[in-house]
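Side chains are part of it too, since the values below use all heavy atoms of this structure and drop only hydrogens, waters and symmetry mates. Note that the structure is predicted; figures quoted are calculated from it, not measured.
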Amino acid sequence: MTSLTDKGIQAVVVNHNTSKFTELMLRTLYDKHSPDLDLSITVMDNDSTDETPELTVYLASKQIPFMQSAFSIDTERNSHGEVLSQFVLANPDCTYYLFLDADIYFLKEKTIDDMLSTLNSESGLFGVGTRQTWDGIEEIPTEIHPKIYESRLHPCCALIKNSPIFQSIVKEVGLTGVTSHGATDEVYWDTCECMTKVMKTHGYHHAICSSMVYHFFSVSYDDQYMDRKNRDCNELLKTLRNL
């Protein structure tokens, strides 16, 4: 995937017993983007037990590395942010990072190009996300926009400029979720939320581009609606595998 960046985009997805969804996301990414896009992808796996031969074959066909993280599906707490942090610190020589959730898929041609154009349109931007849908038609409800779009750069599909400030924040603070213990209450900041707040103290903010991705949501930790999600994933994969 001629180069749109100086040193390219380092992309990462964490597989946490989400092998079919990971394959779907990757297939739509390649289907919707030019092979000229300067993008390198790595799958970081949390010792998944649902690995499929179809994913293995597809990764080999695209020469996508499949690497084990330091965590497993039995890790008691959410390790997503820590895996992302490890990846950033292990791959410091790039122009951008692209964080991808396993349970999204791309709907629109050149979504990442749109993200790049948006990110480079304003000097104060440190990162760009996409709009999200959970039915493939309508955008997620307005009432959850603050939580999904505003409080943090959501890591389901996030393009971030590599910079000394970002590297320092990842090293010293990390991307994992944190709990703030106040005098009267506790507040949980989800993956990448603390990083987003620290970037604001340096005068940087994030934006949402015009492109939209489908987001299944919560497939690695919530059984609700999984029959439908698995069925939809299987049907889409069947079509893409036959292309």
Side-chain angles (χ1 to χ4, degrees), residues 1 3-73 75 78-106 111-113 115-116 119 127-130 153-163 166-167 169-171 174-176 191-192 195 213 215 219-220 237 240:
M1 284 181 133
S3 171
L4 299 182
T5 64
D6 295 330
K7 296 181 181 178
I9 305 168
Q10 285 285 349
V12 59
V13 56
V14 181
N15 185 38
H16 188 91
N17 263 13
T18 50
S19 295
K20 289 188 300 184
F21 293 93
T22 298
E23 182 190 348
L24 175 62
M25 184 277 292
L26 291 171
R27 284 184 179 274
T28 61
L29 187 154
Y30 278 91
D31 182 60
K32 298 296 185 182
H33 295 87
S34 168
D36 291 335
L37 183 62
D38 191 4
L39 175 68
S40 299
I41 308 171
T42 300
V43 176
M44 298 297 298
D45 182 68
N46 287 346
D47 199 22
S48 297
T49 58
D50 74 333
E51 294 174 26
T52 63
E54 292 87 355
L55 175 61
T56 301
V57 170
Y58 187 73
L59 294 178
S61 73
K62 296 297 184 182
Q63 298 182 309
I64 299 173
F66 184 85
M67 302 178 64
Q68 290 299 320
S69 71
F71 303 97
S72 75
I73 59 170
T75 301
N78 185 352
S79 63
H80 189 192
E82 291 184 57
V83 178
L84 296 180
S85 296
Q86 289 175 3
F87 180 82
V88 167
L89 297 176
N91 297 274
D93 298 321
C94 63
T95 306
Y96 308 94
Y97 293 102
L98 178 64
F99 297 158
L100 298 165
D101 273 4
D103 61 348
I104 68 161
Y105 65 84
F106 289 89
T111 294
I112 298 172
D113 302 69
M115 297 173 78
L116 278 165
L119 183 54
V128 167
T130 58
L153 177 57
H154 199 293
C156 78
C157 188
L159 186 70
I160 300 170
K161 290 179 182 177
N162 189 9
S163 68
F166 179 68
Q167 288 286 333
I169 292 171
V170 174
K171 180 180 178 182
L175 301 171
T176 197
T191 305
C192 289
M195 176 273 292
V213 298
H215 193 179
V219 300
S220 65
L237 274 177
L240 287 166

List the atom pairs, donor and acceptor, that lie under 3.5 Å between side-chain atoms in residues 59-66 and the rest of the protein, sequence neighbours left out.
{"residue": "S61", "atom": "OG", "partner": "Y58", "partner atom": "O", "Å": "2.7"}

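Counting only heavy atoms from C-beta outward, the side chains of C157 and L100 approach each other to under 4.5 Å. No side-chain heavy atom of S220 sits under 4.5 Å from any side-chain heavy atom of F21. V213 has its side chain out of reach of K32: every pair of non-hydrogen atoms, C-beta onward, lies at least 4.5 Å apart. Looking only at side-chain heavy atoms (C-beta outward), D103 and H215 come within less than 4.5 Å of each other. Considering only heavy atoms from C-beta on, L29 comes within 4.5 Å of I112 through its side chain. The shortest side-chain heavy-atom distance between L55 and V43 does not fall under the 4.5 Å cut-off. Between Y96 and K161 there is a side-chain heavy-atom pair separated by less than 4.5 Å. Residues L116 and I9 are in side-chain contact: their nearest non-hydrogen atoms beyond the backbone lie under 4.5 Å apart.
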Requested in this report: Tell me, with the steps shown, if T28 and D31 meet side chain to side chain donor-acceptor pair (under 3.5 Å).
Outcome: CA-CA 5 Å; T28 61; D31 182 60; over 6 Å; no
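Between F166 and F99, the ring-plane angle classifies as tilted under the 30° and 60° cut-offs.
In terms of heavy-atom proximity, A11 sits nearest to F87 at O-CZ, 3.6 Å.
For the pair D45 (side chain) and D47 (backbone), a donor-acceptor distance under 3.5 Å is present. A donor-acceptor pair under 3.5 Å links the side-chain atoms of Y97 to the main chain of N91, judged by distance alone.
Under the rule for a side-chain contact (heavy atoms from CB on, under 4.5 Å), the partners of K171 that lie at least two apart in sequence or sit in another chain are L89.
Looking only at atom types and distance, the side chain of N78 has no donor-acceptor partner in the side chain of T176 under 3.5 Å away.
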